[in-house]
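Presented below is the structure to which this report refers.
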Amino acid sequence: MRIDRRGLLFGGTVSAALVAGGARKARSASPLKIGLVLPMTGPFASTGRASETAVRLWLEERGGRIAGRTVELLVRDDTGVADTGRRLAQELVVREGVDVLMGFGLTPIALACAPIAEQAGKLMVVTAAATSIITERASVIVRTSFTLPQATLGIARWAPKNGLSSAVSLVSDYAPGHDAEKAFEQLFTAAGGTVLEKLRAPLQSPDFAPLLQRAKDAKPQALFVFVPSGVGAQLMKQAAERDLAGAGIRLIGTGDLTDDDILPQMGEVAIGTTTSHHYSAAHPSPENERFQANYQRLSGGRRPNFMAVGAWDGMELVARALERTGGDAEGKKLVEAAKGLSWTSPRGPIAIDPATRDIVQDIYIRRVERGKDGELWNVEIDRIPAVADPVKAGLVR
Ligand code: PHB
């Protein structure tokens with residue numbers, strides 16, 4: 001049972017840690033409790049599964065320890081509902097006494113939990129949710145995922161330079177979708193493009209068919225899409241049914257659309273879709289090859305996606321910050337220690353902006369292609385180095 005699983009101790013016991021640590025203070029030797037708040041069931045369960053797998057992989061590779069402390073992981077299922085997430089975060093802090101809160105698969109859940117982390121003075125690592133404003137909602141938040149404007153910047157500038165100067169946008173109707181829509185319009189227009197129409201689909205149980213028909217009727221050169229992780233396959237299928245490609249409309253978007261977790265099942269229709277994002281399972285680097293192979297082993301052959309890499313780096317962030325504080329997990333101290341950290345992630349080089357506590361990372365332009373192995377991959381064709389959140393950088397208002 002995934003819900004309410006608790007007390008999974010990795011590595012040795014507490015007493016073993018004490019012996020190993022010699023004269024180390026009791027605080028440093030006690031287990032570090034990390035509360036993971038994730039959608040483990042419901043429509044966004046794929047985000048929960050990928051995030052938890054990556055966290056467990058990270059722990060497995062480090063012998064279950066962070067900065068010399070054993071780690072106790074407490075996974076809680078918010079089912080994708082903000083009120084549930086808030087209640088679970090509260091319980092994790094008050095009843096379980098967790099040191100760190102982590103995860104947050106959807107923006108409304110991250111926003112609901114921010115005041116709890118702030119009041120409790122706990123580090124809150126956002127490894128998934130991606131609306132720009134999240135980090136501004138609590139001083140204890142650090143993000144290892146991305147922001148929608150950050151991911152959008154790449155494709156919004158790439159499209160007009162590559163013969164796609166008119167577009168319709170289609171986004172999920174909630175905060176990250178609104179962020180993507182706004183960033184796309186402003187950055188695409190500044191790069192010489194024209195947005196013909198802006199369409200929004202409901203987050204829950206969307207039917208894209210009528211919206212795709214409207215997009216087709218507007219006769220743009222490109223359709224820009226943001227849908228959250230897990231939803232892209234359905235949109236692709238409906239785009240194929242409407243034969244957008246036959247009407248000469250190119251599909252572009254943020255990489256959430258061609259999510260590596262479900263890309264292998266999307267079929268021919270996905271080929272040629274061009275997106276911008278911070279992680280591709282096809283990213284050529286030794287760090288990613290290792291991540292990829294080990295994740296597949298642990299997940300029964302699934303590919304890691306951008307949710308997995310966000311969670312992996314969330315653990316890396318906690319470890320590096322704790323090294324800096326000498327094992328002290330007090331929230332404010334950990335946040336200070338996290339500012340300015342940088343390392344090479346499976347996605348490429350990343351850093352935590354000390355001013356915004358948001359992630360600075362390379363954004364890649366990727367095209368879906370069939371690889372030599374016969375599988376579909378997001379193949380990186382261009383790279384924009386060290387992109388900060390364009391909203392906080394004043395490029396999008
Ligand atoms: C979000 O709710 O912030 C979110 C979820 C899934 C994504 C991107 C953003 O793929």
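What's counted below: heavy atoms across the whole structure, side chains too, no hydrogens, waters or symmetry copies. Numbering of ligands and ligand atoms starts at 1, following listing order.
Contacts between Phe104 and ligand 1 below 4.0 angstrom, taking non-hydrogen atoms only, are absent altogether. When heavy-atom distances to ligand 1 are checked against a 4.0 Å cut-off, Pro176 comes that close only through its side chain, counted from C-beta outward. Counting heavy atoms closer than 4.0 Å to ligand 1, residue Phe44 contributes nothing at all.
With respect to Arg56 and Glu60, no salt bridge is recorded, no charged nitrogen being found less than 4.0 Å from a carboxylate O.
Leu341 and Val309 fall within a single hydrophobic cluster, where Ile, Leu, Val, Met, Phe, Trp and Tyr are joined by side-chain heavy atoms under 4.5 Å apart, directly or via other members.
Shown in contact with Asp256 at under 4.0 Å from a heavy atom are these atoms of ligand 1, numbered in order with element: 7 (C), 8 (C), 10 (O). Ligand-side atoms of ligand 1 in range of Thr107: 1 (C), 2 (O), 3 (O), range being under 4.0 angstrom from any heavy atom. Atom numbering of ligand 1 starts at 1 in the shown order; those under 4.0 Å from a heavy atom of Ser229 are 6 (C), 7 (C), 10 (O). Applying the 4.0 Å criterion to heavy atoms of Tyr174 picks out, from ligand 1, the atoms 1 (C), 2 (O), 4 (C), 5 (C). Of all atoms in ligand 1, numbered sequentially from 1 with element shown, those under 4.0 Å from a heavy atom of Phe306 are 10 (O). Under a 4.0 Å criterion applied to the non-hydrogen atoms of Gly105, ligand 1 contributes the atoms 5 (C). Of all the atoms in ligand 1, the ones that sit under 4.0 Å from a non-hydrogen atom of Met307 are 6 (C), 7 (C), 10 (O).
The closest heavy-atom contact to atom 6 (C) of ligand 1, among the options Ser172, Gly310, Ala128, Pro228, comes from Pro228.
A side-chain donor-acceptor contact under 3.5 Å links Tyr279 and Asn288. A donor atom on one side chain and an acceptor atom on the other are not found under 3.5 Å apart for Thr131 and Asp179.
For Phe226, the ring pair (Phe, Tyr, Trp, His ring centres under 6.0 Å) test picks out no residue, with sequence neighbours left out.
The structure places CZ of Arg143 at 10.0 Å from CE of Met124, a figure rounded to the nearest 0.5 Å. In this structure, NZ on Lys122 lies 10.0 Å from NZ on Lys33, to the nearest 0.5 angstrom.
For Arg303 and Trp377, the positive end sits near the middle of the six-membered ring, less than 6.0 Å away and at most 45° from its axis.
Ligand 1 has a nitrogen or oxygen under 3.5 angstrom from a nitrogen or oxygen of Ala130.
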